[in-house]
Each structure stands twice: as structure tokens, then as C-alpha cells.
Amino acid sequence: MKKKIRVRFAPSPTGALHIGGLRTAFFNYLFAIQNQGDFILRIEDTDIRKNTKYSIEYILKALKWCKIKVNEGYNHRGEFGPYIQSKRIKIYKKYLKILKKKKLIYYSFESKDELKKYKINNKNFIYNSLTRYKLKNSLSKNNNKKTINYYLKNKKYVIRIKTPKNKDIIIKDKIYGNIKINTNNIDDKILFRSNDTPTYHFASVIDDYLMNITHIIRGKEWIYSSPIHILIYNNFKWKLPKFIHLPLLLNNKGGKISKSKMVKNKIPIHPINYNKLNINNSYKSNGFLPNAFINILALLGWTPKNNKEIYSFKEIIKLFNFKNINKSDVHLNYNKFRWINKKYLNKISNKYYYKYLKKKIKSNIFNLYTKKKINKIINLTKNRISLINEIWDVSSYFFLNPKTYFIPTNIISYIKDNKKKIILLLNKFIIILKKNKKKTDINYNDIIKKLSIFNLKLLRISIVGKLIGIDMYNILSLIKTKIIIKRIINFKNFIISQYKI
RNA sequence: GGCCCAUUAGUCUAUUGGUUAGGACGUCAGAUUUUCAUUCUGGAAAGAGGGGUUCGAUUCCCCUAUGGGCUACCA
């Protein structure tokens with residue numbers, strides 16, 4: 001029987017999970033679903049920091065918003081727990097002992113500062129088989145037993161892995177192919193810190209083994225630490241999992257994704273807002289739909305070869321394949337993200353827009369319109385936007401009187417040349433509107449058709465404030481007559497004062 | 001600096017030895033439209049540079065350049 005495929009998403013809770021981590025999570029999730037495997041969430045908190053608690057909360061919330069369903073792990077069921085590394089220290093110690101017996105690890109006594117100094121004086125220094133015998137550690141010949149015992153007793157040591165000398169380690173990566181790294185170029189990485197806690201390298205390998213992880217899908221930044229992981233597997237004589245490294249995400253200028261940079265570029269990097277971590281710019285807050293965001297995530301490094309951009313979740317699952325993941329790093333293209341979101345926006349029901357508008361608009365103004373009318377406004381405006389928030393931008397003139405008028409220069413000169421005519425025209429409007437209290441009595445189409453283009457533009461400016469928006473017929477028939485009259489009067493007064501009539 | 005990875009238009013990418021180098025976002029133009037948008041049609045726009053291998057190279061190899069990653073008692 002074939003072994004069940006098990007993958008894990010193993011974020012470290014050191015700040016808010018961003019689009020890069022989410023992409024990794026999503027690809028793991030896809031692979032699990034495709035193979036009826038397990039998708040495990042493991043929290044890698046071997047390094048304890050300030051915001052651990054909130055960061056974990058955020059991971060859970062973010063995954064939920066992206067509809068990524070964990071079926072085993074932290075905060076979920078599972079028989080391989082605990083799924084948080086700070087609660088597994090005992091386990092790591094147990095496995096450390098095994099390596100100790102096999103003499104595959106050793107104690108190293110340099111303090112952080114000592115090593116720093118050493119590195120400054122010795123360029124290209126690497127702590128490994130080529131140098132370790134000259135340094136302060138339990139393998140070195142420089143130290144006598146007394147000094148060694150001193151450090152051991154006082155627990156002033158870290159535990160390092162003993163990497164072999166001049167050995168090529170080959171990482172068989174499903175995306176990048178075989179990558180050869182010589183052990184002379186890698187450090188004897190620290191496995192246990194002086195505070196008796198494991199480092200990521202050790203903890204994650206032990207966990208991956210104990211949790212029966214079959215495929216390690218993670219960002220490319222991990223390629224260079226893979227030899228250490230492989231070495232640990234080999235030391236235990238455990239079967240290696242498959243490695244799949246994903247291309248990195250870069251911002252639109254080719255730099256690393258980071259909060260400060262992305263805010264400048266106005267590209268959100270976080271999925272949702274979260275006050276406790278000070279996240280107030282996100283895909284959700286910018287008006288992205290979860291389904292669109294999933295589509296965006298999928299296309300971050302993955303290209304199905306059929307010249308399509310919009311994929312439902314089902315299609316993604318059907319088509320997803322590591323063969324179609326490209327090797328070069330991915331630049332985020334916010335314009336394209338918006339375009340993808342637009343495609344999804346076109347499909348959703350009006351109630352989402354309705355909800356948004358209701359929240360946005362003061363109730364006394366919102367209630368001027370019946371639900372039917374709001375729906376009509378939505379229907380007429382929704383095809384103009386690519387983010388749900390923008391429904392307000394394209395419909396605000398239904399709810400707010402124009403505060404200022406944006407009049408193009410050619411219209412200004414038209415006004416100046418035809419002052420009296422225009423005032424007459426506006427007055428005429430007002431009279432017609434006042435006469436007919438019920439909308440149905442007014443044939444707006446007739447009025448509009450009789451107007452010259454210039455006059456029609458003027459009418460639009462008087463009601464909308466600028467030359468944008470849906471057709472005048474619908475604007476006039478949707479807004480209450482009383483309000484239209486008011487707006488026209490305002491505009492008339494504006495012209496009179498502005499152009500001294 | 002050392003080691004590792006990548007390099008097709010502004011961006012995401014297709015094409016793994018023979019193509020008018022295909023698609024998408026963006027951009028530009030035209031059509032539709034009472035304005036603005038939408039929509040539709042069309043255009044411009046690419047193989048980093050230099051060497052090989054080959055009848056032939058975007059595709060294979062080497063060098064250079066550029067970008068990125070790792071080089072923490074961070075993950």
C-alpha cells in the first residue's frame with residue numbers, strides 16, 4: 001500500500017503571516033487535497049518572542065479567511081501532538097541523546113560575542129570540519145578536560161551537528177532539480193541553544209519525522225539549510241521526505257516583501273486586518289474577495305499551461321501540479337490582482353454590496369432609498385469597480401450632494417458664453433420638477449433627448465459634481481425629486497456667484 | 001566576500017533545438033456610450049551580454065552581468 005501523503009505548514013509565530021507564507025500554506029493544502037492526504041498545521045515557536053500569542057491567532061484567522069482547512073495540528077485534532085514546538089522540548093532532548101551516543105554532535109563553548117569577533121578577524125569563516133578543531137569545543141584538541149568540564153558544568157555551551165568533511169550533499173528538489181552543496185561550505189549548525197532549547201533545524205526535522213511528513217513544501221529560502229536537515233535524517237537513518245522548494249515572492253520593484261516597502265507601494269501583504277498586530281492594510285480591507293485571493297495565491301509561481309487566468313478552487317485542485325511551478329521569483333502585480341478580483345466581483349450577489357453600502361452610509365441618508373432602489377443602483381454601478389470598497393466611489397453621488405464642482409475648461413467657457421441661457425434652462429428644470437411631485441409624471445428621457453451635449457453635461461455636473469457616473473436617465477429617476485431640485489438650485493447659485501451674472 | 005538559485009516585453013508567463021516567439025495584466029488607438037467607466041476590436045512592446053556545441057539555438061554547455069537567497073544561540 002502506498003504511504004499516505006502528509007504535508008505540513010509550519011509557520012513561526014513571529015509577526016503577522018503574510019501573502020508569502022499563505023502561498024506556501026495554500027500549495028501544501030492543494031497537494032494534500034489532491035492526494036487525499038493530510039494537511040497539518042504546526043507552530044514553530046522554538047524562539048519565543050513578544051507577539052507569539054497574537055501571531056498564532058492571526059495564522060488561524062488568516063487561514064480561515066483564505067478557506068484553507070487544516071485537518072490536523074495545532075488547535076485541531078491529531079494523534080501526533082502537541083503541534084506546537086515549545087511543548088515538545090522533551091522529545092527533542094530524547095532524540096538529541098541518540099545523536100550524542102552516536103557521537104554525531106558536539107559541544108561548542110564560544111559565546112556569541114567571541115564568535116562574532118572571530119568572524120571579523122577570519123573572513124569567510126565557517127564553523128565546520130575545516131575549522132572546528134582549532135576552536136573551543138569538545139572536539140578540539142586545544143582544550144583540556146578541565147576546561148571542558150567547566151563549560152559543561154556551567155552549561156555554557158551550545159550543541160552543534162558534526163558535519164562531514166568535503167561531502168557533496170544532493171538535494172533532490174521536485175522543482176529545482178538536483179542541487180549539490182558541499183559540506184565544506186556549510187556550518188556545523190547549532191541544534192540546541194545554551195538555554196536548552198532546540199533550534200528550528202533540529203526541531204523541524206524531528207517533528208517532520210515523528211509526524212510522518214512525506215513532502216516538505218516550503219519557500220526557496222530554505223534550500224541552503226536543506227543539507228543540514230538531510231544530514232540529521234541520515235544520522236538517524238530515517239527515510240528522507242521529498243523536498244519541494246517554492247520560488248520567492250518579491251514586491252513590484254524586485255525587493256523582498258516587507259511591510260514598510262509594501263505600504264509605500266500600496267500593495268497589501270497581509271490577508272486580513274488585525275489590531276493586535278497593528279495590521280491595518282490587507283487584501284480584505286482593500287476589498288478583495290476570498291475566492292479571488294485564492295486565485296491570486298494559486299498564480300503566485302504556478303502557471304497552468306492553458307492561457308487562462310481565472311480558476312475556481314475546483315479547477316485549481318484539478319490542474320495543480322509541481323511541474324508547472326516556475327523557478328524564478330515572483331513579482332507581485334497589484335494591477336493584475338485587482339483585475340482578477342473584478343472578475344470575481346462580477347459574479348457575486350448584490351447583498352455583499354448592499355451590506356457594504358449600508359455600513360458605509362449614514363442610516364438617515366441610506367434610508368432615503370428603498371431596498372429595490374439600492375439594488376438598482378448596485379446593478380448599474382457594480383461593473384465599474386474592481387474592489388468591493390469602490391462601490392462607494394462609484395455610487396456616492398446618489399447619497400451625497402456635490403461639495404465642489406469639477407468643470408472642464410471647455411464647459412467653463414461654454415458657461416461664460418451662455419450665462420443667461422443656462423440660468424433659464426436650470427430654472428426651467430426646477431419648474432418642471434416642482435410641478436411633478438411623482439416621478440412617474442416626468443418623462444426624463446424626453447427631457448434628456450432635447451438637450452444639447454453641453455447642457456446635458458451641465459445637468460450632470462449640477463447633480464453629480466463632475467463628469468462621471470451612469471447615464472443621466474437613471475440618475476434622475478433614482479434620486480428623489482426634492483434632492484435633485486436642491487442640487488440644481490445649489491449649482492445655479494454657484495454659477496451666479498462664480499461667474500458674476 | 002563565500003556558497004546556492006534564477007534571468008523571454010513594464011509585470012506574470014507559454015514555447016524544453018527548426019514557431020510570423022503565444023496568452024494575460026498594464027499601456028496606446030479605434031468602435032459602442034448623453035459624460036465617465038464597462039464591453040468589443042486592433043496596435044506597440046521580449047529571449048541580459050559574450051563565447052561555444054549544432055545544418056540550425058530562446059531552448060544544451062561555459063564565462064560575464066544583473067537580480068534573489070543563505071552565510072544568527074531567527075525561522
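In what follows, chains are A, B, ... by sequence order, proteins preceding strands, each numbered from 1.
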J.: Centre-to-centre under 6.0 Å for F313(A) and Y311(A), is that the case here?
T.: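 No: the rings miss the under 6.0 Å criterion.
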J.: Both L248(A) and N324(A) contact RNA chain B. Taking the nearest nucleotide for each, which residue is further toward the 5' end?
T.: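 The residue closer to the strand's 5' end, by nearest nucleotide, is N324(A).
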J.: Establish, with yes or no, whether the OP1 or OP2 oxygen of U13(B) is under 4.0 angstrom from a side-chain nitrogen or oxygen of N326(A).
T.: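 Yes, because at least one side-chain N or O of N326(A) sits under 4.0 Å from OP1 or OP2 of U13(B).
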J.: Is K308(A) atom NZ crowded by more than 12 heavy atoms from other residues, nucleotides or ligands, each under 6.0 Å away?
T.: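 Yes, NZ of K308(A) has more than 12 neighbouring heavy atoms, counting only those of other groups under 6.0 Å.
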J.: Is the gap between the ring centers of Y29(A) and F9(A) under 6.0 Å?
T.: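 Ring centroids of Y29(A) and F9(A) are no less than 6.0 Å from each other.
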J.: Would you indicate which nucleotide in G69(B), A6(B), U71(B) comes nearest to any side-chain atom of Y224(A)?
T.: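 It is G69(B).
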J.: Out of A24(B), C73(B), U39(B), which has the shortest distance to the side chain of K112(A)?
T.: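 Within the option list, the nearest is C73(B).
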J.: On RNA chain B, check which nucleotide each of N346(A) and I179(A) is closest to and give me the residue with the more 5' one.
T.: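 It is I179(A) whose nearest nucleotide is closer to the 5' end.
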J.: Between W302(A) and F26(A), does the ring centre distance come in under 6.0 Å?
T.: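 Between W302(A) and F26(A), the centre distance exceeds or equals 6.0 Å.
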J.: Any chance the rings of F288(A) and F293(A) have centres within less than 6.0 Å?
T.: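 No, the ring of F288(A) stays outside the 6.0 Å limit from the ring of F293(A), centre to centre.
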J.: Which of these nucleotides, A72(B), A6(B), C70(B), is closest to any side-chain atom of Y176(A)?
T.: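 So the nucleotide nearest the side chain must be A6(B).
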J.: With both distances under 3.5 angstrom, what nucleotide forms a Watson-Crick or G-U wobble pair with A6(B)?
T.: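 A6(B) is paired, partner U66(B).
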J.: List, with names and distances, any nitrogen or oxygen atoms from the protein found under 3.5 Å away from nitrogen or oxygen atoms belonging to nucleotides 40-49 of chain B.
T.:
none

